[in-house]
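The figures that follow rest on heavy atoms only: side chains count, while hydrogens, waters and symmetry mates do not. Within every chain, numbering begins at 1; the chains are lettered A, B, ... in the order of the sequence lines, protein sequences first and strands thereafter.
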Amino acid sequence: MPEGALAGISVVELGEMVSAPYCARLFADYGADVIKVERPGTGDRARAWGPFPGDDPHIEKSGLYQYLNTGKHGITLDPATARGRALFLELVGGADVLIENASPRSLRERGIDYASLAAVNPRLVMISITPFGQTGPYADWKGYDLNAFHLSAAGSRYCGRPDQAPLEHGTFAADFFGAVTGAAWGLAACLGREQVGGGQQVDVSCAEAIAAVFVGGQNIGGYAQDGKFERRTGVGMPLGAPATIVPCKDGHVWMLALEPGQWNGLARVMGNPEWMELEMFQDMFARAQNSDAIYPLIEEWTMTRSKWEIMERCQEAGVPITAVFDVAEAAGHPHLAARGYIVEVQHPLLGGLPVLGPPFRLPASTGRTGMAAPLLGQHNARVFGERLGLSESQRAELTAKGVI
Amino acid sequence: MNGRALPLEGIRVANFGWVWAGPVVGQTLAFLGAEVYKIESRARIDMTRTLPPFAEGVRDPSRSLSNHACWAGNGSVTLNLKKPEGVRLALELVAKSDAVIENFGPGVMEQLGLGYESLRAVRPDVILFSMPAAGLDGPLKDIRTYGLSLTSTTGLDSLTGYLGGPPVPVENAFSDPYNGILGAFAILAALHHRRRTGAGQHIDYSQQEAVMQMVGPAFMDWTLNRRVAGPMGNRHPLGAAAPHGVFPCAGEDRWISIAVLEESEWRGLVEAMGAPDWASAAGFASHASRLENLDALHERLSEWTRRHDDRELAARLQRHGVAAAPVLNVADLLRDPHYVARKTFIEVRHPLGFSETIYGAYVKNSRTPALVEPGPAIGRDNEHVFRELLGLSEARYRELVGTQVIY
């Protein structure tokens with residue numbers, strides 16, 4: 001296997017749950033050397049989250065933990081102790097990048113905030129990913145993915161029915177968004193160290209990233225100028241039609257036919273019903289105004305067809321309609337199998353475990369080793385022994401004291 | 001060392017991206033110091049330039065506010081790629097660029113005469129970044145989607161909606177900016193590789209696969225337990241929190257998000273509520289029982305939250321160690337004290353003479369704050385690129401403008 005694109009970059013991760021661990025996994029996926037630092041005894045809280053095989057909790061069997069931590073080395077270390085802090089500083093002293101998602105306050109309290117670390121390693125790029133960021137009135141607020149997502153206005157503007165609560169995607173959408181943002185901005189800071197004269201802290205707020213790039217990008221200019229803003233409608237795209245999710249015989253399809261060629265293509269697939277030829281339905285804006293009339297008519301047809309049939313025939317006719325894949329269908333689709341997207345890692349307790357592979361392909365420089373997520377403290381001997389030069393008896397003493 | 005240098009200074013990028021995802025790839029690199037030129041044309045105006053509202057109400061492709069922020073950072077040159085001369089000039093620019101971005105369907109760059117082999121012929125170590133809906137090969141490679149609907153092929157849409165109900169469509173393309181930013185990371189990884197080995201490459205970025213990463217938690221439940229998740233409202237994706245949701249507050253369409261994962265947080269919540277009797281009932285005594293009685297718990301909590309102002313309540317819950325925050329709407333973004341303090345949104349003066357509000361440096365780099373510029377007027381950088389960078393004579397430049405090659 002060719003060497004990974006990020007070979008030579010040394011990363012330390014002090015991360016829990018989703019945001020920092022996924023960011024660090026992106027580095028590991030492309031060949032960086034990643035050491036994940038976990039709390040002695042319990043480890044990353046994702047280890048307690050599951051999903052577990054048979055719903056039976058076990059700190060080595062959390063599916064979420066496995067997914068987010070493949071390809072990393074794992075050690076246990078408590079930087080809140082004096083000795084643990086010293087070891088942490090030594091580790092970070094030799095690293096290019098630190099990726100973390102602790103609260104700014106807890107880093108200050110443990111003496112491992114950016115100022116302290118930069119004193120030890122001025123070339124360090126510290127990627128800090130938190131719900132709200134390092135500064136501002138909410139910097140010391142407690143927050144999880146849900147809080148960050150809804151502080152961005154994404155739900156209130158774009159997801160849910162007007163008379164019901166704003167919704168999030170059924171995933172950790174804010175954490176993932178913050179993770180990729182930290183990866184891009186942090187890697188740039190790492191590659192540019194020579195020309196800017198050293199490392200720096202990259203302060204990512206998950207809420208802010210979404211509020212700016214997703215919501216703000218399309219809404220803020222108009223609101224600032226005209227004082228008008230929109231809210232969620234629940235129907236998909238209110239400006240044009242059809243552009244919504246509709247039910248069919250065995251599930252749902254994303255019904256999209258906006259341009260004239262697409263509308264005519266849909267008409268052909270539906271057997272050219274007369275109503276579709278009406279002048280008033282030849283324009284996507286006019287159709288949107290009459291969507292109450294159109295959607296039930298389209299639904300009458302979709303309810304007699306399967307989502308795969310609808311997708312296949314519409315795509316053939318040049319209409320961008322897709323089946324709403326459930327998770328099993330998405331995972332089992334031959335397209336992903338043909339591309340080798342799902343890869344299997346070998347885990348000592350879970351056996352051969354399928355996980356989603358790296359998010360994109362770098363043909364000249366793949367990197368993933370196929371290494372499963374680390375067991376708690378699996379690489380203590382290697383990292384504390386070989387890298388930091390602690391003898392076996394020193395390690396045993398620190399382990400007994402709960403430092404490592 | 002010049003303290004004002006930016007990390008990616010010296011990197012030049014030709015951005016053939018259009019609509020939203022492609023421009024954001026270029027923008028992310030530009031915020032960090034790269035010199036990025038969006039290649040567009042009046043012969044086929046990028047759709048986003050045609051969308052209202054317009055600055056001061058004047059309908060013009062250089063005054064579209066709705067998406068102006070997304071091009072901030074990209075420069076703009078206009079080239080009609082339907083003309084061979086236009087393609088030749090594009091290749092000349094590529095020869096002087098480190099990376100090329102495109103978000104067309106597979107094969108479109110080849111049809112334009114700008115496929116990877118053509119680019120390599122003029123720039124052997126070029127990095128070409130392609131981001132079609134489902135990648136460059138495989139049975140679905142020619143699938144047609146919009147950013148809006150791409151999520152349907154990842155499983156993500158099947159998880160979005162009210163508990164037990166049908167999927168509810170997200171009304172804009174969350175994937176576009178997500179892929180725009182992750183795409184920048186892909187290019188940076190390839191740049192690092194090139195620095196070490198001298199080799200460029202053609203990055204095969206499937207938007208479907210990149211977005212499907214967000215479905216990872218549900219994918220693992222499928223893998224481990226053969227359980228297929230459905231819409232779950234605002235519940236915790238792994239069922240690990242109670243309460244976990246968005247609850248009504250006083251006022252019209254005001255809500256608060258509250259997430260409780262730990263025992264200490266539950267105690268804080270109970271305290272903040274003034275320890276009502278119901279909270280100590282057996283049904284809510286342990287984390288497990290709260291999960292079991294989640295509907296009832298959410299109902300009780302809603303009765304309490306709806307009597308309170310969202311911001312006051314969030315501050316109060318935070319004082320008790322509970323993760324809570326107001327649910328903002330678009331108007332709130334401009335006046336929320338946190339975003340105001342972090343200068344998330346800024347007003348800039350556009351060279352065409354109007355003021356507009358765009359997002360600024362939404363990530364704070366401690367040593368090198370991002371470079372933020374207004375979105376470019378169409379063709380803003382033509383003179384610089386064609387005259388100075390590519391060295392066209394004044395006469396030749398005028399001729400190409402006259403024949404609508406530079407157009």
Side-chain angles (χ1 to χ4, degrees), chain A residues 5 30 49 51 53 63-64 67 136-138 141-144 146-147 150-151 153 156 158-159 165 169-171 176 180 183-185 187-188 192 195-197 200-201 203 212-214 216-217 219 221-222 224 229 236 245 254 320 322 324-328 330 335 338-339 359-361 364-365, chain B residues 1 5 7 32 53 65 69-70 138-140 144 149 152 155 157-160 169-172 177 182 184-186 188-189 193 201 204-205 210 213-214 216 218 220-222 224 228 232 238 240 246 257 259 318 323 325 327-330 337-338 341-342 356-357 359 362-364 366-368:
Chain A
Y30 297 98
W49 277 14
L64 181 73
Y67 169 58
Y138 309 156
W141 273 19
K142 192 164 201 172
Y144 293 107
L146 178 82
N147 310 107
H150 284 296
L151 192 77
S156 144
Y158 288 126
C159 193
H169 298 294
T171 189
F176 279 107
V180 303
W185 289 64
L187 181 56
Q195 55 192 19
V196 306
Q200 53 185 322
Q201 185 175 25
D203 166 12
V213 193
F214 178 51
N219 294 278
F229 70 99
I245 290 177
W254 236 111
T322 46
V324 175
F325 297 20
D326 70 26
V327 173
H335 178 71
R339 287 175 56 83
F360 53 85
R361 283 192 195 169
S365 48
Chain B
M1 204 50 72
L32 291 151
L65 296 172
C70 315
L140 285 183
R144 292 163 193 256
S149 60
S152 68
D157 283 344
S158 77
L159 306 175
T160 307
V170 176
E171 300 175 36
N172 205 351
L182 183 56
F185 173 78
L188 291 165
H193 177 77
Q201 57 189 312
D204 176 1
Y205 184 107
Q213 301 271 302
M214 283 193 273
M220 294 312 293
D221 200 22
W222 159 249
L224 295 170
V228 179
M232 58 181 89
L238 299 168
V246 162
S257 65
Q318 287 288 343
V327 175
L328 301 188
N329 63 37
V330 170
H338 194 66
R342 286 175 67 86
E356 61 178 352
T357 298
Y359 56 87
Y362 62 94
V363 175
K364 281 48 171 168
S366 60
R367 188 188 288 268
T368 57

What part of A:A153 is in contact with chain B, defined as an atom under 4.5 angstrom from a non-hydrogen atom: side chain, backbone, both or neither?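 Both backbone and side chain of A:A153 come within 4.5 Å of chain B.
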Atom group of A:Y30 that falls short of 4.5 Å from chain B, counting heavy atoms: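 Contact with chain B: side chain only.
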[X] and [Y]: which non-hydrogen atoms are nearest, and at how many Å?
{"X": "B:L238", "Y": "A:P51", "answer": "CD2-CD, 3.5 Å"}
{"X": "B:V170", "Y": "A:W254", "answer": "O-CZ2, 4.2 Å"}
{"X": "A:A165", "Y": "B:V246", "answer": "CB-CG1, 4.0 Å"}

Under 4.5 Å from any heavy atom of chain A, what part of [X] do you find: side chain, backbone, both or neither?
{"X": "B:L32", "answer": "side chain"}
{"X": "B:A323", "answer": "both"}
{"X": "B:Q213", "answer": "both"}
{"X": "B:A341", "answer": "side chain"}
{"X": "B:V228", "answer": "side chain"}

So, taking the atom named [atom1] in [X] and the one named [atom2] in [Y], what distance separates them when rounded to the nearest 0.5 Å?
{"X": "B:D204", "Y": "A:R361", "atom1": "CG", "atom2": "CZ", "result": "5.0 Å"}
{"X": "A:L64", "Y": "B:D221", "atom1": "CG", "atom2": "CG", "result": "11.0 Å"}
{"X": "B:E171", "Y": "A:C159", "atom1": "CD", "atom2": "SG", "result": "7.5 Å"}
{"X": "A:N147", "Y": "B:Q318", "atom1": "CG", "atom2": "CD", "result": "7.5 Å"}
{"X": "B:D157", "Y": "A:D326", "atom1": "CG", "atom2": "CG", "result": "12.0 Å"}
{"X": "B:N329", "Y": "A:H150", "atom1": "CG", "atom2": "NE2", "result": "13.5 Å"}

Of the listed residues (B:G155, B:G216, B:S152), which shares the most heavy-atom pairs with chain A below a 4.5 Å separation?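 Most pairs with chain A among the choices: B:S152.
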Counting heavy-atom pairs under 4.5 Å with chain A, which one of B:A259, B:P139, B:A325 comes out on top?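 The residue among B:A259, B:P139, B:A325 with the greatest pair count is B:P139.
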Is any side-chain heavy atom of [X] less than 4.5 Å from a side-chain heavy atom of [Y]?
{"X": "A:V327", "Y": "B:L159", "result": "yes"}
{"X": "B:P7", "Y": "A:Q195", "result": "no"}
{"X": "B:Y362", "Y": "A:W185", "result": "yes"}
{"X": "A:Q200", "Y": "B:T368", "result": "yes"}

Hey, which of A:P320, A:G192, A:A224 has the most heavy atom pairs under 4.5 Å with chain B?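 Answer, by heavy-atom pair count under 4.5 Å with chain B: A:P320.
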Could you check whether B:K364 pairs with A:D203 (Lys NZ or Arg NE/NH1/NH2 to Asp/Glu carboxylate O, under 4.0 Å)?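 Between A:D203 and B:K364 there is no salt bridge, as every charged N stays at least 4.0 Å from the carboxylate O atoms.
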Pair A:H169-B:M214, side-chain contact (heavy atoms from CB on, under 4.5 Å): steps then yes or no: CA-CA 10 Å; A:H169 298 294; B:M214 283 193 273; 5.6 Å; no
Tell me, please, which residues at least two apart from A:A184 pass side chain to side chain contact (heavy atoms under 4.5 Å, CB included).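 Listed in chain order: B:T28, B:I181, B:A184, B:F185.
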Suppose we screen for ring-ring contact (aromatic ring centres under 6.0 Å, His included). Which residues come up paired with A:W141, at least two apart in sequence or across chains?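 A:W141: ring-ring contact (aromatic ring centres under 6.0 Å, His included) contacts with A:Y138.
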